[in-house]
Amino acid sequence: MSETFDVVIIGAGPGGYNCAIRCGQLGLKTAIIEKEATLGGTCLNVGCIPSKAMLHASELYDEARNNFASLGIETGNVKLNLPQMLKQKEDAVKGLTEGVAFLMKKNKIKVFSGKGRIAGAGKVVVEGKDNAEISAKNIVIATGSVPTGLPNIEIDEKRIVTSTGALSLPGVPKKMVVIGAGVIGLELGSVWSRLGAEVTVVEYLDRIIPGSDMEVAKTAQKILTKQGMKFKLGQKVTGVEKLKTKLKLTMEPAKGGEAEAIDADVVLVAIGRKPYTEGLGLETVGITPNQRGVIENNQFQTGAPGVWVIGDTTTGPMLAHKAEDDGAAVAELIAGKAGHVNYDLVPGVVYTSPEIAWVGKTEEDLKAAGVKYKVGKFPFMANSRARCNHTTDGFVKILADAATDEVLGAHMVGVGVGEMIAEVCVAMEFKASSEDIARTCHAHPTQSEAIRQAAMGVEGWTMQM
């Protein structure tokens with residue numbers, strides 16, 4: 001006779017394990033199923049966390065090589081120890097996956113190791129290390145996403161890689177081509193660029209970071225170009241030929257024109273991700289994903305009674321923090337509480353150096369919607385702390401409703417803006433005006449003062465420029 005749970009979660013990524021923790025806190029008997037050897041999903045094992053470890057290490061290496069001397073720090077001959085850099089990345093991942101496993105025990109979550117499959121209403125089968133048949137009052141689909149491939153380009157995770165392979169290259173390639181100028185492509189491209197690779201980014205659109213504010217994207221591209229990265233925009237990749245000693249990538253203008261070929265040692269395919277629902281048994285409960293593979297929802301409920309969906313497998317941005325909020329909201333709804341996630345206020349961050357961050361509407365969004373707005377902008381060049389730290393690239397931009405002064409969006413390029421964006425998220429959650437931010441005291445000297453000065457700029461009373 002199978003064990004019965006209040007909630008069974010398929011997938012132990014950020015959405016799944018946070019959903020499990022909240023379910024446990026709310027007194028729900030909960031199980032979670034994970035097909036990989038460790039908990040944490042793509043984000044923790046081969047995504048957000050290891051990439052940040054490599055970004056941080058490569059940034060320090062670059063600083064030591066190129067900027068320490070100007071600060072009066074003499075280090076001698078700085079050398080790259082790539083095996084140690086990869087090890088510290090793996091150590092960070094190991095510590096955090098063990099932490100997630102501890103949280104499952106702490107919150108009395110039963111963990112099943114294997115591939116979970118829905119086998120009809122209220123039934124889940126586990127196949128793998130643990131073989132089991134489970135009865136569930138509620139099933140939560142939290143299976144995440146996988147990298148999107150390109151036709152006729154075979155990923156081998158050695159020379160033609162996704163983000164997974166790009167985080168474990170055994171050596172620094174002489175030439176790397178990144179297909180896709182989104183978050184993943186720019187972050188990992190910048191890592192290997194700092195470590196010595198000649199990096200060229202090829203993008204189908206005529207801009208980088210699709211969906212971000214255009215002014216921010218253009219500024220970021222200029223900064224990254226100054227750092228040594230090359231960009232070929234408006235290009236359609238037609239193939240990658242594997243030769244004995246190199247790869248040959250062919251492309252042609254997206255709008256038509258003459259083809260071009262470039263050589264590479266490694267090609268990183270980073271054109272986005274797609275929901276992972278393979279072999280999930282959706283058909284047994286009458287669920288059919290849409291053409292993009294997304295399982296649509298109504299307040300996280302699928303069309304099947306008792307089956308919920310969160311994270312990358314459903315609507316909204318494919319971001320770990322969005323999945324976490326989804327998971328907590330679903331747990332609360334199952335427990336009879338009011339769970340909700342405001343997708344309009346999910347921040348986006350690109351962890352390049354400097355970082356790029358945003359929340360809310362872009363200028364392009366507001367123009368398309370016919371919304372009248374005002375802009376306040378402040379450059380880090382005029383910020384005292386940024387000048388002291390020699391981190392003056394970039395700016396903060398605040399967008400506010402022209403009539404009500406409610407903050408509608410914030411867009412930033414600069415060192416540390418991934419942390420700074422949270423201030424605006426809180427302000428917008430409480431429907432703050434630009435004046436509310438402008439009249440809030442900020443510590444001096446800090447880079448966060450740039451947010452206050454930009455907010456002042458909405459009404460034209462910026463004081464420090």
Start with the C-alpha gap between V269 and I155, add the side-chain angles, then the distance that decides, and say whether side-chain contact (heavy atoms from CB on, under 4.5 Å) holds. CA-CA 8 Å; V269 180; I155 305 292; 3.7 Å; yes
Please test R194 against S353 for side-chain hydrogen bond (donor to acceptor under 3.5 Å, both in side chains), starting from the C-alpha separation and ending with a verdict. CA-CA 10 Å; R194 279 191 289 273; S353 181; 4.8 Å; no
Test T302 against E296 for side-chain hydrogen bond (donor to acceptor under 3.5 Å, both in side chains), laying out the working first. CA-CA 6 Å; T302 67; E296 295 174 338; over 6 Å; no
Between S51 and V191, is the side-chain contact (heavy atoms from CB on, under 4.5 Å) condition met? List the steps. CA-CA 9 Å; S51 66; V191 165; over 6 Å; no
Determine whether K94 and E90 satisfy the following criterion, salt bridge (charged side-chain N to carboxylate O under 4.0 Å, His left out), listing intermediate values before the conclusion. CA-CA 6 Å; K94 183 175 183 291; E90 291 157 6; over 6 Å; no
Would F112 and I32 count as a side-chain contact (heavy atoms from CB on, under 4.5 Å) if you check the C-alpha gap in whole Å, the side-chain angles of each, and the deciding distance to 0.1 Å? CA-CA 6 Å; F112 289 89; I32 193 165; over 6 Å; no
What verdict does the salt bridge (charged side-chain N to carboxylate O under 4.0 Å, His left out) test give for K431 and E406, after you've listed the backbone C-alpha separation in whole Å, the side-chain angles of each residue and the deciding distance to 0.1 Å? CA-CA 6 Å; K431 302 291 184 182; E406 180 183 345; 3.7 Å; yes
Test side-chain hydrogen bond (donor to acceptor under 3.5 Å, both in side chains) on H442 and E423; report intermediate values, then the result. CA-CA 11 Å; H442 287 57; E423 173 183 348; 2.6 Å; yes
Apply side-chain contact (heavy atoms from CB on, under 4.5 Å) to residues V178 and V202 and explain how you reach the verdict. CA-CA 6 Å; V178 178; V202 180; over 6 Å; no
Applying side-chain hydrogen bond (donor to acceptor under 3.5 Å, both in side chains) to Y61 and N81, what does each step give before you reach the verdict? CA-CA 10 Å; Y61 173 69; N81 182 341; over 6 Å; no
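A distance-only check finds a donor-acceptor pair linking the side chain of N290 to the backbone of G293 [under 3.5 Å]. S193 places no side-chain N or O within 3.5 Å of a backbone atom of G189 that could act as its donor or acceptor partner. In this structure, the side chain of K52 engages the main chain of C48 through a donor-acceptor pair within 3.5 Å. Between the R273 side chain and the T148 main chain, no donor and acceptor come within less than 3.5 Å of each other. Side-chain N or O atoms of E187 include one that pairs as donor or acceptor with a backbone N or O of Y351 at under 3.5 Å. Side chain of N107 to backbone of L103: a donor-acceptor contact under 3.5 angstrom is found. Without hydrogens or angle criteria, T404 side chain to D401 main chain gives no donor-acceptor distance under 3.5 Å.
Counting heavy atoms from C-beta outward, L282 and P289 have side chains that approach closer than 4.5 Å. By the 4.5 Å heavy-atom criterion applied to side chains, I356 and V349 are not counted as neighbours. Counting heavy atoms from C-beta on, the side chains of S163 and L188 come closer than 4.5 Å. Side chains of V161 and V267 form no contact here, defined as non-hydrogen atoms less than 4.5 Å apart. Inter-residue side-chain proximity for V309 and V140 is flagged as unmet; no heavy-atom pair is nearer than 4.5 Å. For the pair T162/E157, a side-chain contact is recorded, criterion being any heavy-atom separation below 4.5 Å from C-beta on. Contact check for E355 versus V415: no side-chain heavy atoms found under the 4.5 Å cut-off. Side chains of V201 and I208 form no contact here, defined as non-hydrogen atoms less than 4.5 Å apart.
F5 carries K29 over the face of its six-membered ring, with the cationic atom under 6.0 Å from the centre and within 45° of the normal. Taking the centre and axis of the six-membered ring of Y276, the NZ or CZ atom of K35 falls inside the cone set by 45° and 6.0 Å.
Interatomic distance, K322 NZ to T315 OG1, rounded to the nearest 0.5 Å: 6.0 Å. Here L86 contributes atom CG and L169 contributes atom CG; the two are 8.5 Å apart, rounded to the nearest 0.5 Å. One distance of note links SG of C19 with CD1 of I109; it measures 9.0 Å at 0.5 Å rounding. We find the CZ-CZ distance between F395 and F378 to be 13.0 Å, quoted to the nearest 0.5 Å.
E215 and H411 share no donor-acceptor pair across their side chains, judged by distance under 3.5 Å alone. Between R385 and T391, the side chains place no donor N or O within less than 3.5 Å of an acceptor N or O (distance only, hydrogens not considered). Judged purely by distance below 3.5 Å, without hydrogens or angles, the side chains of W358 and D213 never pair a donor atom with an acceptor atom. Side chains of K89 and S168: a donor on one and an acceptor on the other come within 3.5 Å. A donor-acceptor contact closer than 3.5 angstrom is absent between the side chains of E59 and S190. Using modelled atom types, one finds no donor on one side chain facing an acceptor on the other under 3.5 Å when comparing T97 with N45. Donor-acceptor pairing under 3.5 Å is recorded for the side chains of N297 and T314. Between the side chains of S145 and D312, at least one donor-acceptor pair of N or O atoms lies under 3.5 Å. Between the side chains of D6 and T30, no donor-acceptor pair is found at a separation under 3.5 Å. Side chains of Y373 and E363: a donor on one and an acceptor on the other come within 3.5 Å.
Minimum heavy-atom separation, K115 to I33: C-CG2, 4.3 Å. Across D405 and V458, no two heavy atoms sit closer than the pair OD1-CG1, 3.8 Å. The two residues A329 and H340 make their nearest non-hydrogen contact at CB-N, 3.7 Å. Considering every non-hydrogen atom in both V126 and S113, the closest pair reads CG1-O, 4.2 Å. Across all non-hydrogen atoms, the minimal contact from A53 to Q88 is O-NE2, 3.4 Å. Nearest approach of T362 to L399, heavy atoms of both residues: C-CD1, 3.8 Å.
The environment of K236 atom NZ is sparse: at most 12 non-hydrogen atoms of other residues, nucleotides or ligands sit within 6.0 angstrom. In this structure, E154 places its CD atom where only 12 or fewer heavy-atom neighbours from other residues, nucleotides or ligands lie under 6.0 Å away. Under a cut-off of 6.0 angstrom, the local environment of NZ in K242 is crowded, with over 12 non-hydrogen atoms contributed by other residues, nucleotides or ligands. When the shell of 6.0 Å around CD of E419 is examined, it contains 12 or fewer heavy atoms from other residues, nucleotides or ligands. Within a 6.0 Å radius of CG in N152, no more than 12 heavy atoms belonging to other residues, nucleotides or ligands are found. Under a cut-off of 6.0 angstrom, the local environment of NZ in K361 is sparse, with at most 12 non-hydrogen atoms contributed by other residues, nucleotides or ligands.
Contact check on R117 versus E127 returns a salt bridge, with a Lys/Arg side-chain nitrogen under 4.0 Å from an Asp/Glu carboxylate oxygen.
Paired with I118 under the rule side-chain contact (heavy atoms from CB on, under 4.5 Å), one option of V285, V125, V8 passes, and it is V285.
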